[in-house]
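We count ligands from 1, going down the list as the structure has it; atoms in each ligand are counted the same way. Only a predicted model underlies this, so the values are computations on that prediction, with no experimental measurement involved.
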Amino acid sequence: MIRSVRGVHDILPAEAGKWRRVEHAAREVFEAYGYEEIRLPLFERTELFARGIGEATDIVQKEMYTFEDRSGESVTLRPEATAGLLRAYIEHGLHVLPKPVKLYTLGPMFRYERPQAGRYRQFHQLDVEALGDEHAALDAEVIAMLVELFRRLGLADRLTVEVNSLGDEATACRPRYRAELVRYLGANAARLCEECRERAERNPLRVLDCKRPECRPVLDGAPALGAFLCADCTTHFARTREYLDALGVRHLVSPRLVRGLDYYVRTTFELTTTELGAQNAVAGGGRYDGLIKLLGGPPDPGIGFAVGVERVVQLLPDAGPAAAGERRPRVFLVPLGEAALARVLPVATALRARGVVVEVGHGDRKLGRELERAGKLGVSRAVIVGDAELERGEALVKEMQSGAQRPVKLAGLVEELLALGGPA
Ligand code: HAM
């Protein structure tokens, strides 16, 4: 047997209903806030991610599915959606649209990470980006929309909204902080794990994220970014929080929320839960002013987030039997013989065209076995057509629950079945 690739999963029919629920709620909420769907390719030129996500990040250094295509061009399966979406924004000149330009997309992402519960190599994101506006009210609205999605799904009470400000490269508050942090990490290097020591040189802010108990005392004592924010970044963050309060979004300031991608400035945020073990973030995002320019576009600011769909689905309760059997056939047509089969096929087509879920027997099985199958499928009605019925121009309509059956003229069968309706 050939098995699926490690860290890659099938979504079986029993689970697909939950996925549809999440996707449906997301579309409804995002579109109510004025976002439009954009569909993007699953792979891009490698340099887009290297430049966009950052050469020094774990994603670019260790986690990308990169290969040369037959013409020798290096391409990469997208590890996230933001870089590709911005590439499309620039390439198609979407920046001429009224701002903020609000876009969302959904689909699979690929990261060569060590698989564990809640962490996969192919996973799915709902991704949202608002481009061309730097007002703090937009930061708050984006976070409020994310919370609204989880409220719709009945999960908001099980999640914490964590926010932070990372300062800005351009206004120099982050470079000043980074220099201070590097000094501190250097002075305490002996008490840090090897990965932290290596990261301290490559990507110092990410060191703060280390979960190893031996590193925590040093990291908890590290200088906090908040104290280094410049006046503009401080005001922007304070405003964002005021608007969040005005929108009724309870949130927690997490000074150590640093995120794993290099493009963030100012507002960053995550939605976390205590219910999923180590992989506790169901969604994360932030502002990335400067990234569109870095990718060769206009100097437009931007903010967005991505939701990890697998993690959301894991939090959702199992749907009841009614929801699980949402698309269960309502009518089972049982032709007995070739002639009957030919006669009922157009009946099935007509019913299906009107939205009825129909199952058709093949005409070569015994009536008893067909009715047994109808019972297993849980249909409400079986329609039996044998030679005798055909001769009379009739069908036998059998109510599966009561067992009652009566003849109906074949000519009016479709209308009769539609009129009967019955349990969906
Ligand atoms: P991210 O934090 O890397 O951000 O991913 C967002 C979410 O995707 C995570 O919170 C998690 O729920 C899910 N996720 C990430 N990696 C995995 C994995 N290996 N297996 C399962 N789920 C995973 C981004 O990707 C940014 N592009 C978000 C963003 C959009 N920022 C601004 N705009």
Enquirer: Under a 3.5 Å distance rule, please check whether Tyr35 uses its side chain to pair with a backbone N or O of Ala130 as donor and acceptor.
Expert: no

Enquirer: Side-chain atoms of residues 304-312: list all donor-acceptor pairs with protein atoms under 3.5 Å, sequence neighbours left out, distances to 0.1 Å.
Expert:
unit_1	atom_1	unit_2	atom_2	d
Glu310	OE1	His124	N	2.9
Glu310	OE2	His124	N	3.3
Glu310	OE2	His124	ND1	2.8
Arg311	NE	Gly118	O	2.8
Arg311	NH1	Ala281	O	2.8
Arg311	NH2	Gly118	O	2.9
Arg311	NH2	Gln279	OE1	3.3

Enquirer: Among residues at least two apart in sequence or on other chains, which ones pass side-chain hydrogen bond (donor to acceptor under 3.5 Å, both in side chains) with Arg51?
Expert: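 If we apply the side-chain hydrogen bond (donor to acceptor under 3.5 Å, both in side chains) test to Arg51, skipping adjacent residues, there are no hits.
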
Enquirer: If only atom types and distance count, is the side chain of Thr267 paired as donor or acceptor with the main-chain N or O of Arg287 below 3.5 Å?
Expert: no

Enquirer: Side chains of residues 185-192: which donor-acceptor partners sit under 3.5 Å, not counting sequence neighbours?
Expert:
unit_1	atom_1	unit_2	atom_2	d
Asn188	OD1	Arg191	NH1	3.1
Asn188	ND2	Tyr184	O	2.9

Enquirer: Any idea which residues sit under 4.0 Å from ligand 1, heavy-atom distances?
Expert: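 Near ligand 1, by chain and number: Glu80, Thr82, Arg111, Glu113, Gly118, Arg119, Tyr120, Phe123, Gln125, Asp127, Glu129, Arg259, Leu261, Tyr263, Tyr264, Ala281, Val282, Ala283, Gly284, Gly285, Gly286, Tyr288, Gly304, Phe305, Ala306, Gly308, Arg311.
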
Enquirer: Honestly, is Arg121 close enough over Tyr112, meaning NZ or CZ under 6.0 Å from the six-membered ring centre and within 45° of the axis?
Expert: yes

